[in-house]
Amino acid sequence: MSVGFIGAGRMAQALSRGFISKGIVKPQKMMASDQSESILDFMKKQGVSTTNCNIELVERCDLVVMAVKPHLVADVLQEISDFFTTDKMFVSIAAGVPLEVLETNLPEETRVLRAMPNTACLVHAGATVIAPGKFVRNGDASLVQKLFQTVGLCYVGTEDQLDAVTGLSGSGPAYAFATIESLADGGVKMGLPRDMATKLAAQTLFGAAKMVLESGKHPGQANEEQKSEEMKMEKVEKKVKMSSPQ
Ligand code: NAD
């Protein structure tokens, strides 16, 4: 299967790196189109073919990923629509562009899916939900899921879940960044160097997230266990203080 990215920016680069590193799609089977030569250089370095022509990409690829900014989607759809055939698959990662808009602007019965990834795909720790359109065939959604799993966690859901997904995992990194900053500020206030405080804060969130994911425990249960560990530590500290000479 050949995969093409219309728009070779940050998300397309992260996805292509994921596909290649996990051996799901070979670079020779990938193509990227963009108007910016400097952006395409990154793809060229990975061995991905590049073009400035979206129509050429559509003609040469079995699965086309729409990775331009949402306000450009309508123009690109108009440009490529006549060259799209129903043996191809179309995946849009453009935030907020509904399946209906994509399906009505592509030929009848085009196999369309929407994906809502998040920025952590850039470091292969993303969280994505994909929503299949009405013309997808058996196996299409699981194939696209497999592709997005190369850059993190990926669920197959429904389009009516995507607003909630956008609020949770799409915008979620912003809350985590604010939490890291606040924890680090607290550390700095208590005398830690800024760099150490930031890394300790980030690693703490990373570790807590990993524990929830790996143990499958409810975060509330993990929190209770953490509290009881802290109480044990306090008791030990008190004993040590009482037994040490004045
Ligand atoms: P980006 O700006 O890094 O990349 C977009 C690329 O599209 C640019 O390189 C631009 O030159 C190119 N482009 C513009 N017009 C074009 C055209 N007519 N034909 C071909 N290429 C064209 O943006 P990004 O962050 O990679 O986001 C891409 C899409 O992913 C957006 O629709 C966004 O909503 C979605 N998305 C991004 C994130 C994120 O964290 N970055 C998360 C979820 C969804």
Side-chain angles (χ1 to χ4, degrees), residues 3-20 30-46 48-61 63-84 88 90-102 105-106 112-131 133 144-145 147-157 159 161-178:
V3 177
F5 295 94
I6 298 186
R10 290 185 329 144
M11 287 306 281
Q13 292 175 17
L15 289 168
S16 63
R17 257 190 290 134
F19 300 173
I20 294 169
M30 270 196 266
M31 193 170 193
S33 68
D34 205 292
Q35 293 152 337
S36 156
E37 281 302 328
S38 60
I39 293 276
L40 288 176
D41 278 347
F42 174 87
M43 292 293 191
K44 280 185 195 151
K45 279 185 198 140
Q46 295 196 101
V48 174
S49 339
T50 61
T51 177
N52 303 116
C53 176
N54 294 332
I55 292 166
E56 183 194 350
L57 180 136
V58 166
E59 285 178 333
R60 288 181 50 186
C61 294
L63 188 151
V64 174
V65 181
M66 178 70 98
V68 299
K69 292 285 185 200
H71 69 281
L72 298 169
V73 169
D75 285 348
V76 177
L77 285 175
Q78 201 175 16
E79 183 189 350
I80 63 169
S81 177
D82 287 345
F83 303 88
F84 221 89
K88 299 178 188 292
F90 183 89
V91 178
S92 168
I93 62 167
V97 181
L99 280 168
E100 199 192 347
V101 169
L102 302 168
N105 284 284
L106 285 164
V112 179
L113 297 99
R114 246 184 94 185
M116 185 60 214
N118 72 2
T119 187
C121 288
L122 302 176
V123 292
H124 293 193
T128 303
V129 175
I130 54 175
V144 175
Q145 181 183 32
L147 290 172
F148 279 89
Q149 279 171 341
T150 65
V151 289
L153 181 81
C154 179
Y155 279 99
V156 178
E159 186 171 42
Q161 294 174 328
L162 289 192
D163 283 345
V165 171
T166 307
L168 199 166
S169 49
S171 315
Y175 298 105
F177 296 142

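Each ligand, and each atom within it, is numbered from 1 in the order the structure gives. Values reported hereafter were calculated over all heavy atoms of this structure, with side chains retained and with hydrogens, waters and symmetry mates removed.
With sequence neighbours excluded, the residues that form a side chain to side chain contact (heavy atoms under 4.5 Å, CB included) with Ala94 are Pro70, Val73, Ser92, Val97.
Remark: ligand 1 and Met11 share an N or O pair separated by less than 3.5 Å (distance only, no angle test). Considering backbone and side-chain N/O atoms, Val68 comes within less than 3.5 Å of an N/O atom of ligand 1. Considering backbone and side-chain N/O atoms, Glu79 never comes within less than 3.5 Å of an N/O atom of ligand 1.
For the atom pair Ile80 CD1 and Glu56 CD, the distance stands at 14.0 Å (nearest 0.5 Å). Atom CG of Leu77 sits about 5.5 Å away from atom CG of Asn105, to the nearest 0.5 Å.
Among all protein heavy atoms, the one lying closest to atom 3 (O) of ligand 1 is Arg10 N, 2.9 Å. Among protein heavy atoms, atom 8 (C) of ligand 1 sits closest to Asp34 OD2, 3.4 Å.
When each atom of ligand 1 is checked for a heavy atom of Ser33 under 4.0 Å away, the hits are 20 (C), 21 (N). Within ligand 1, the atoms closer than 4.0 Å to a non-hydrogen atom of Thr119 are 40 (O), numbered from 1 in the order shown. Remark: ligand 1 atoms within the under-4.0 Å shell around heavy atoms of Pro70 are 31 (C), 32 (O), 34 (O). Annotation for ligand 1: atoms under 4.0 Å from non-hydrogen atoms of Val76 are 18 (N).
Contact annotation for Val73 and ligand 1: no heavy atom of the residue comes within less than 4.0 Å of the ligand.
A salt bridge does not link Lys88 to Glu59: none of the charged nitrogens lies less than 4.0 Å from a carboxylate oxygen.
The side chain to side chain donor-acceptor pair (under 3.5 Å) pairs that include a residue from residues 118-127 number zero, where partners must be two or more places apart or lie in different chains.
Ligand 1 does not have Gly170 within reach: every non-hydrogen atom of the residue lies 4.0 Å or more from it.
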